[in-house]
Amino acid sequence: MKKKFLILFILFSLTIHALVILLSLRLKLPAVTHHDPVIKVELKTPQEVEKPRARHSKTPTRTFADAGTEADLASEASVGLENPGGVYEPYLLKIRRRIENLWSYPPQALAENREGSAVIRFTIAANGTLAGSTVLTSSGNFLLDEGALACIRGASPFDPLPASFNLSRLNVTATFSYRINL
């Protein structure tokens, strides 16, 4: 009986000592279950990334597609995706939720540990269709930039612009920050 107890005690002691040595050497022990790395994907507006600027501007603009008379001038506004307290806030929150629900880390970029922030500008026509999207500031990685653009395309069409906006187009700027947090 004493021999069995002594053997068990020695095995237990050796196990504890081995764990302490492994931890002190910072060796990773194999996990019992496999957990995917935790990835934090942040969606930020330019106002959240940079110093505050004008929240929106409402000026008549003419695009190449709008060639014609003064009556053809389109009323446009430019806003960040989040416009706290602004007239566009309820509409922008719907868009933001829709984008966040679709947005994911591009698998190849994740496998290559690519990180960066892409500033994307997209234009919503009065009827809610996506009138265009472009990369204003690249993340430095094509996969991340394309992932952000694909998310915008996938989220469209959006709800029509509310009549109270009195706009034919709404230009929205958003920063897609890709960060891997393990």
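Predicted model, so just to flag it, every value in this text is computed and none were measured. In this chain, residues are counted from 1 in sequence order.
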Would you indicate whether the side-chain heavy atoms of Tyr91 and Ile124 approach each other to under 4.5 Å?
yes

Member of Arg96, Arg97, Arg98 meeting the salt bridge (charged side-chain N to carboxylate O under 4.0 Å, His left out) criterion with Glu100
Arg96

Going from OH on Tyr178 to OG on Ser117, what distance comes out if it is rounded to the nearest 0.5 angstrom?
9.5 Å

What distance separates Phe122 CZ from Asn171 CG, expressed to the nearest 0.5 Å?
10.0 Å

Residues Val172, Phe158; criterion side chain to side chain contact (heavy atoms under 4.5 Å, CB included); working and verdict
CA-CA 12 Å; Val172 182; Phe158 304 101; over 6 Å; no

Pairs flagged by side chain to side chain donor-acceptor pair (under 3.5 Å) wherever residues 144-161 is involved - sequence neighbours left out
Ser138-Asp145, Ser139-Asp145

Heavy-atom closest pair, residues Leu167 and Glu76
CD2-C, 3.8 Å

According to a 4.5 Å side-chain heavy-atom criterion applied to Ile, Leu, Val, Met, Phe, Trp and Tyr, with indirect links allowed, do Tyr105 and Ile152 form part of one hydrophobic cluster?
yes

Pairwise distance CZ(Phe142) to CG(Leu144) - rounded to 0.5 angstrom
11.0 Å

For Leu102, side-chain contact (heavy atoms from CB on, under 4.5 Å) partners two or more places apart
Cys151, Ala155

If every non-hydrogen atom of Ile180 is compared with every non-hydrogen atom of Asn113, which pair is closest and at what distance?
CD1-CA, 3.6 Å

Is the shortest heavy-atom distance from the side chain of Val135 to the side chain of Ile120 under 4.5 Å?
yes

Test your reading of the model: is there a side-chain donor-acceptor pair from Ser168 to the backbone of Ser75, 3.5 Å cut-off?
yes

Are any non-hydrogen side-chain atoms of Leu143 and Glu112 less than 4.5 angstrom apart?
yes

Within this structure, what is the CG-CG distance for the pair Asn166 and Leu161, rounded to the nearest 0.5 Å?
10.5 Å

